[in-house]
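Inspection log for the structure reproduced underneath, given as structure tokens.
Computed from heavy atoms alone, side chains included, the values below leave out hydrogens, waters and symmetry copies.
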Amino acid sequence: IYAVTVWSYFIESDEKYNYVIKLLEKAKSKKLISALCRYFDFNTEKNMKNEVQKILLNKLETIKTEYSIRTIIGTLVRIRNEENIANLKKYIEIQSPDFKEMVKWEIKINVPEIERGKIENDLNIK
């Protein structure tokens, strides 16, 4: 499944996202979650962003490996939009200071420099 996921990343087809989202919901392997998260970024369709954010926030409740948490946070800051930033902010507000530092780092490596200050401000983690 991992190999097919990585391979299909380069196929231009909107239909593949239905399968990717279903697979993301069920994924438990950090390697597979990481591969699936590559599919989503700032240019992802708005409704899909909201659905992916919901899935990933739920995954944060069950996944405990730092690697997977970082992958999920990186994806969440990449897919941000005005609608889902509030959900992410609420989640971050109830986390530890270490978690907030992790979010800052993921913003640094996943968000263009020109937008970093705004997203840090929107998430209240400056």
Side-chain angles (χ1 to χ4, degrees):
I1 293 172
Y2 171 77
V4 171
T5 300
V6 172
W7 174 78
S8 68
Y9 176 77
F10 297 103
I11 295 174
E12 294 294 328
S13 167
D14 291 339
E15 295 165 8
K16 73 181 177 184
Y17 287 100
N18 295 326
Y19 298 106
V20 170
I21 288 174
K22 287 177 186 174
L23 195 53
L24 182 60
E25 281 181 304
K26 296 175 184 175
K28 290 180 175 49
S29 154
K30 66 181 179 182
K31 191 174 180 183
L32 182 56
I33 291 169
S34 177
L36 292 167
C37 282
R38 291 178 53 203
Y39 281 84
F40 307 103
D41 60 22
F42 188 73
N43 296 316
T44 299
E45 195 268 328
K46 184 172 89 171
N47 290 333
M48 195 178 303
K49 282 183 182 185
N50 294 338
E51 187 174 353
V52 169
Q53 183 194 50
K54 182 179 174 185
I55 292 167
L56 293 178
L57 286 174
N58 286 334
K59 288 230 176 272
L60 283 175
E61 296 298 322
T62 59
I63 292 183
K64 303 301 178 199
T65 65
E66 184 176 343
Y67 176 83
S68 295
I69 292 169
R70 287 186 176 280
T71 300
I72 290 170
I73 292 299
T75 304
L76 288 170
V77 298
R78 278 197 318 273
I79 66 170
R80 74 211 175 277
N81 65 20
E82 295 302 320
E83 284 181 32
N84 69 22
I85 202 81
N87 294 329
L88 183 54
K89 180 181 178 182
K90 285 179 196 172
Y91 184 84
I92 292 169
E93 286 174 349
I94 61 172
Q95 303 304 316
S96 71
D98 289 342
F99 188 88
K100 292 174 184 175
E101 287 302 314
M102 182 189 305
V103 173
K104 281 184 183 179
W105 176 252
E106 292 302 321
I107 289 170
K108 184 176 181 177
I109 62 175
N110 284 288
V111 176
E113 186 174 352
I114 195 164
E115 299 171 28
R116 288 181 197 152
K118 181 183 181 339
I119 191 168
E120 286 176 349
N121 216 19
D122 290 348
L123 295 174
N124 197 27
I125 57 166
K126 278 214 164 218

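Within the 4.5 Å cutoff, the side chain of Leu24 has heavy atoms near those of the Leu56 side chain. Ile55 is not listed as a side-chain neighbour of Asn58, based on a closest heavy-atom distance of 4.5 Å or more. Side-chain contact check for Val111 versus Arg80: some heavy-atom pair is nearer than 4.5 Å. At least one side-chain heavy atom of Asn87 sits less than 4.5 Å from a side-chain heavy atom of Leu57. Side chains of Lys31 and Tyr67 form no contact here, defined as non-hydrogen atoms less than 4.5 Å apart.
Looking only at distances, no side-chain donor or acceptor of Glu106 sits under 3.5 Å from a matching main-chain atom of Ile73. Remark: side-chain polar atoms of Asn50 are not paired, donor with acceptor, to backbone N or O of Asn47 under 3.5 angstrom. Not one N or O on the side chain of Lys59 forms a donor-acceptor pair closer than 3.5 Å with the backbone of Ser68. A distance-only check finds no donor-acceptor pair linking the side chain of Ser34 to the backbone of Lys30 [under 3.5 Å]. Of the possible polar contacts, one joining the Arg78 side chain to the Cys37 backbone as a donor-acceptor pair under 3.5 Å is found.
The nearest pair of heavy atoms linking Val77 to Gly74 is CG2-O, 3.3 Å. When every heavy atom of Ala27 is checked against every heavy atom of Leu32, the shortest pair comes out as CB-CD2, 4.0 Å. In this structure, Ile107 and Glu120 approach most closely via the heavy-atom pair CD1-CG, 4.0 Å. Taking every heavy atom of both residues into account, Lys49 and Asp41 meet most closely at CE-O, 3.8 Å.
Within 6.0 Å of atom NZ in Lys28, 12 or fewer heavy atoms from other residues, nucleotides or ligands are found, so the atom counts as exposed in its surroundings. Counting heavy atoms of neighbouring residues, nucleotides and ligands inside a 6.0 Å radius, atom NZ of Lys16 exceeds 12 of them. Enclosure of atom CD1 in Ile114 is not indicated, since only 12 or fewer non-hydrogen atoms of other residues, nucleotides or ligands lie within 6.0 angstrom. In Lys54, the NZ atom is not crowded: 12 or fewer heavy atoms of neighbouring residues, nucleotides or ligands sit closer than 6.0 Å. With a 6.0 Å radius and a threshold of 12 heavy atoms from other residues, nucleotides or ligands, Lys100 has its NZ atom above the threshold.
Atom CD of Glu113 sits about 5.0 Å away from atom CZ of Arg116, to the nearest 0.5 Å. The distance from atom CG of Leu88 to atom CD1 of Ile119, rounded to the nearest 0.5 Å, is 7.0 Å. A distance of 8.0 Å separates CD1 of Ile125 from CD of Glu101, quoted to the nearest 0.5 Å. Between Tyr2 atom OH and Ile33 atom CD1 the span is 12.5 Å, to the nearest 0.5 Å. Rounded to the nearest 0.5 angstrom, Ile92 CD1 and Asp122 CG are separated by 10.5 Å. To the nearest 0.5 angstrom, Ile72 atom CD1 is 4.5 Å from Ile63 atom CD1.
A single hydrophobic cluster is seen to contain both Leu36 and Tyr9, as judged by linkage of ILVMFWY side chains at heavy-atom distances under 4.5 Å, directly or through other members. Linking ILVMFWY residues whenever their side-chain heavy atoms come closer than 4.5 Å, directly or via other members, leaves Phe40 and Val6 in distinct clusters.
Note: Tyr19 and Tyr39 fail the aromatic proximity criterion, with ring centroids not under 6.0 Å apart.
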